[in-house]
Amino acid sequence: MDYENIESFNEGIILKGVVNFELDHIFECGQCFRWNKQLDGNYIGVVNGKVIEVEKKETLVKIYNINEEEFNDFWCDYFDLKRNYSLIKEKFQADPLLERSVNFGHGIRLLQQEPFELTISFIISSNNRIPMIKRAINNLSQKWGKPIEYKGETYFTFPTVADLEGASLEDIQSCSLGFRAKYVKNTVHQIYIGEANLEFIKSCDDDICHEQLKKFNGIGPKVSDCIMLFSMQKYSAFPVDVWVKRAMQFFYLAPDVSLPKIRVFARDKFGNLAGFAQQYLFYYARENNIKIE
DNA sequence: TGCCAGGAAAAGA
DNA sequence: TCTTTTCCTGGC
């Protein structure tokens with residue numbers, strides 16, 4: 001457990017004695033697209049059909065718009081608060097190269113997100129940049145999700161499989177998905193007709209899960225690793241995007257090593273904690289804009 | 001205007 | 001099996 005106790009107040013809940021939890025680290029490490037930083041430093045996110053606001057002051061974490069029961073049923077796992085990140089970080093800190101990244105992103109946690117939303121979101125992420133990905137997901141949600149009010153603003157839930165199955169290719173394309181629209185359309189349909197089942201895929205062992213996800217149109221090794229790591233608790237996954245590639249080359253490997261070799265090297269080195277290592281490396285590389293050569 | 005960033009698919013070697 | 005080209009969009 002990475003918190004000591006929980007209390008309620010009129011607008012939500014307060015967690016006390018929270019460790020290994022930094023809002024910027026959690027929400028800017030590339031794992032999620034529906035959390036946005038506010039002017040006061042809080043983050044507001046649309047998750048699980050709700051709008052949630054999170055605030056952190058020293059070791060206190062306030063979560064607005066949920067009650068204690070909802071926290072215990074859902075949000076505690078969503079924020080991965082039952083895991084002791086200090087143990088993971090201790091193992092990584094034995095490696096002086098990784099230690100730099102771990103110290104830099106010391107408050108990172110891996111959110112346990114919803115498989116369908118993550119599958120569609122990471123198909124959209126391919127060959128795309130984070131602001132564009134966020135915009136496209138927002139467009140999809142505005143068109144097919146449900147509106148929710150929070151503090152006078154309207155937010156939209158992520159659409160369900162049935163919601164998106166009704167959308168035409170042109171409709172999806174109009175949400176600025178570009179060439180990825182057909183991948184989304186095809187994947188939604190496969191899931192809708194039961195040709196593929198994300199809950200079943202989630203129940204498989206890591207390597208089978210990885211291969212099953214790659215069968216979808218628009219999902220290659222990197223996107224597959226993201227989906228299994230961020231929504232299926234497959235922690236041996238090691239998504240190699242440009243930033244992780246740079247980080248691995250910077251810290252460990254020759255500058256011309258191929259993506260599959262980087263993945264194999266990392267999974268061999270970090271084992272079933274590879275996914276956690278990837279998050280620290282990604283955050284360090286991207287925030288520090290590291291360059292090779 | 002042209003060029004760049006960012007992964008998967010499909011064609012090519 | 002590995003390498004190259006194409007896809008789309010916004011920002012410089």
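Letters A, B, ... mirror the listed sequences (proteins, then strands); counts begin at 1. Predicted model, so just to flag it, every value in this text is computed and none were measured.
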_F122(A) ring center near F216(A) ring center (under 6.0 Å)_ = no

_Please report the distance, rounded to the nearest Å, between CD1 in I133(A) and P in dG10(C)._
14 Å

*Please state how far atom CZ in R180(A) lies from atom P in dT9(C), giving the value in whole angstrom units.*
8 Å

*Between dA8(B), dG6(B), dC7(C), which one does the side chain of F179(A) approach most closely?*
dC7(C)

*Give one of base, sugar-phosphate or nothing for L177(A), where a contact means two heavy atoms less than 4.0 Å apart.*
nothing

*When the distance from CD1 of I130(A) to P of dG6(B) is rounded to whole Å, what number comes out?*
10 Å

*Provide, to the nearest angstrom, the distance between the CZ atom belonging to R263(A) and the P atom belonging to dA8(B).*
11 Å

*Once you round it to whole Å, what is the distance between P of dA8(B) and CD1 of I124(A)?*
14 Å

*Which nucleotide, dA9(B), dA8(B), dG6(B), lies nearest any side-chain atom of N217(A)?*
dA9(B)

*To the nearest Å, give me how far apart CE (M132(A)) and C1' (dC7(C)) are.*
17 Å

*Using a cut-off of 6.0 Å, state whether more than 12 heavy atoms not belonging to K185(A) lie near its atom NZ.*
yes

Show the atom names and distances, to 0.1 Å, of all donor-acceptor pairs under 3.5 Å that link a side chain in residues 273-281 of chain A to residues at least two apart or in another chain.
| from | atom 1 | to | atom 2 | distance (Å) |
| --- | --- | --- | --- | --- |
| Q278(A) | NE2 | P239(A) | O | 3.0 |
| Q279(A) | NE2 | C29(A) | O | 3.3 |

*How about F265(A) and F238(A): are their ring centroids closer than 6.0 Å?*
no

_Can you tell me which nucleotide in dA9(B), dG6(B), dA8(B) comes closest to the side chain of W243(A)?_
dG6(B)

*Select one nucleotide: of dG10(C), dG6(B), dA8(B), the one nearest the side-chain heavy atoms of R135(A).*
dG10(C)

*What does F216(A) touch in the nucleic acid at a heavy-atom separation under 4.0 angstrom: a base, only the sugar-phosphate, or nothing?*
sugar-phosphate

*asked:* Distance check needed: dA9(B) P versus K222(A) NZ, whole Å only.
replied: 13 Å

*Nearest-angstrom distance from the residue atom NZ of K245(A) to P of dG6(B)*: 11 Å

*Taking the six-membered ring of F9(A), is NZ or CZ of K62(A) closer than 6.0 Å to its centre and within 45° of its axis?*
yes

*Any R246(A) side-chain nitrogen or oxygen under 4.0 Å from OP1 or OP2 of dG6(B)*: yes

